[in-house]
Amino acid sequence: MIDIKEIYDNIEDSYMEITKKYIAISEYNFQEAMTKHPSTFAFFAGVMAYAKKEEDRANLICETREAELREARREDMKQSGLKTTDRALDAYLKIQPELQTLQRGIVVKAHKFNLCKNIVSSLDHQKDIIIQLSANKRAEAKLIEQL
């Protein structure tokens with residue numbers, strides 16, 4: 001069984017493979033896709049929810065650490081007799097390696113979330129294609145019956 005966390009961890013490397021395996025559809029495989037679609041959609045929606053949770057968690061960690069560093073810097077500046085302006089504090093935070101590392105992590109997690117969102121969106125489009133192909137097959141079968 002494929003694990004949500006495993007898919008999430010490897011989404012950047014396996015994105016193309018996933019799209020080919022789960023999203024590609026033709027008139028020859030649409031029956032199978034139709035039967036598997038609900039569970040496939042639910043699974044990748046779960047991966048997307050996990051990705052969103054990871055992005056939100058990383059944002060929270062970064063925001064918390066940024067607030068801690070801002071307050072510590074404010075205290076240092078105040079004790080040194082320097083004026084504590086928001087502009088000076090913002091500039092200080094922008095050059096902090098720890099925050100830069102956390103922000104790069106957020107970018108990676110946001111990218112993974114967007115890839116997952118693209119897969120779920122593609123599966124939603126796939127549903128429309130399945131419906132259309134199914135309607136075409138029914139119309140074709142009805143036409144053959146009339147002949």
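Keep in mind that the numbers below use all heavy atoms, side chains included, and drop hydrogens, waters and symmetry copies. Positions are given from 1, in the same order as the sequence printed here.
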Trace of the side chain to side chain contact (heavy atoms under 4.5 Å, CB included) decision for Ile119 with Val47:
CA-CA 10 Å; Ile119 290 170; Val47 176; over 6 Å; no
Please determine whether side chain to side chain contact (heavy atoms under 4.5 Å, CB included) holds for the pair Leu93 and Arg70, giving the CA-CA distance in whole Å, both sets of side-chain angles, and the decisive distance to 0.1 Å.
CA-CA 7 Å; Leu93 293 173; Arg70 179 181 287 273; 3.4 Å; yes
Pair Ile18, Ile7 - check side chain to side chain contact (heavy atoms under 4.5 Å, CB included), show working.
CA-CA 9 Å; Ile18 288 169; Ile7 292 291; 4.1 Å; yes
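Taking CG of Asn114 as the start and CE of Met48 as the end, the distance is 10.5 Å to the nearest 0.5 Å. Summarising the geometry, atom CD belonging to Gln103 is positioned 9.5 Å from atom CG belonging to Asn59; distances are rounded to the nearest 0.5 Å. Taken from CD1 in Ile25 to CD1 in Ile130, the straight-line distance is 4.0 Å, to the nearest 0.5 Å. Taking CD of Glu63 as the start and CG of Asp56 as the end, the distance is 9.5 Å to the nearest 0.5 Å. Asp124 CG to Ile129 CD1: the interatomic distance, rounded to the nearest 0.5 Å, is 10.5 Å. Distance check, rounded to the nearest 0.5 Å: CG of Asn10 to CG of Asp3 gives 10.0 Å.
A donor-acceptor contact shorter than 3.5 Å is absent between the side chain of Gln126 and the backbone of Phe41. The closest donor-acceptor contact from the side chain of Gln100 to the backbone of Lys94 lies under 3.5 Å. In this structure, the side chain of His37 does not engage the main chain of Phe30 through any donor-acceptor pair within 3.5 Å. No side-chain donor-acceptor contact under 3.5 Å links Ser121 to the backbone of Lys117. No donor-acceptor pair closer than 3.5 Å links the side chain of Ser14 to the backbone N or O of Glu17.
Here the shortest heavy-atom pairing between Cys62 and Leu99 reads O-CD2, 4.0 Å. For Glu55 against Lys109, the heavy-atom pair with the smallest separation is CA-CB, 4.0 Å. In plain terms, the two heavy atoms of Ser122 and Ile23 that are nearest each other are CB-CD1, 3.5 Å. When every heavy atom of Ile95 is checked against every heavy atom of Pro97, the shortest pair comes out as O-CD, 3.2 Å. Scanning both residues, Ser26 and Leu133, for their nearest heavy atoms gives O-CD1, 4.0 Å. For the pair Leu69 and Tyr92, the tightest heavy-atom approach, listed with the atom from each and the gap, is O-CE2, 4.2 Å.
The cluster map of Ile, Leu, Val, Met, Phe, Trp and Tyr, joined by side-chain heavy atoms under 4.5 Å apart, puts Tyr22 and Met34 in different clusters. Leu123 and Tyr15 fall within a single hydrophobic cluster, where Ile, Leu, Val, Met, Phe, Trp and Tyr side chains are chained together by heavy-atom contacts under 4.5 Å. A single hydrophobic cluster is seen to contain both Tyr50 and Val120, as judged by linkage of ILVMFWY side chains at heavy-atom distances under 4.5 Å, directly or through other members.
Residues Thr101 and Glu98 form no side-chain contact, since every pair of their non-hydrogen atoms from C-beta on lies 4.5 Å or further apart. Two residues are said to be in side-chain contact when any heavy atoms from C-beta on lie closer than 4.5 Å; Glu140 and Asn136 fail this criterion.
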Can I get a per-line list of side-chain donor-acceptor pairs under 3.5 Å for residues 74-84, giving both atom names and the distance, sequence neighbours left out?
from, atom 1, to, atom 2, distance (Å)
Arg74, NE, Glu71, OE1, 3.4
Ser80, OG, Asp76, O, 2.9

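Environment of CD in Glu32: sparse, with no more than 12 heavy atoms of neighbouring residues, nucleotides or ligands closer than 6.0 Å.
Under a 4.0 Å N-O distance rule, the pair Lys112/Glu54 does not qualify as a salt bridge.
None of Gln132, Arg138, Lys137 except one satisfies the side chain to side chain donor-acceptor pair (under 3.5 Å) rule with Ser134; the exception is Arg138.
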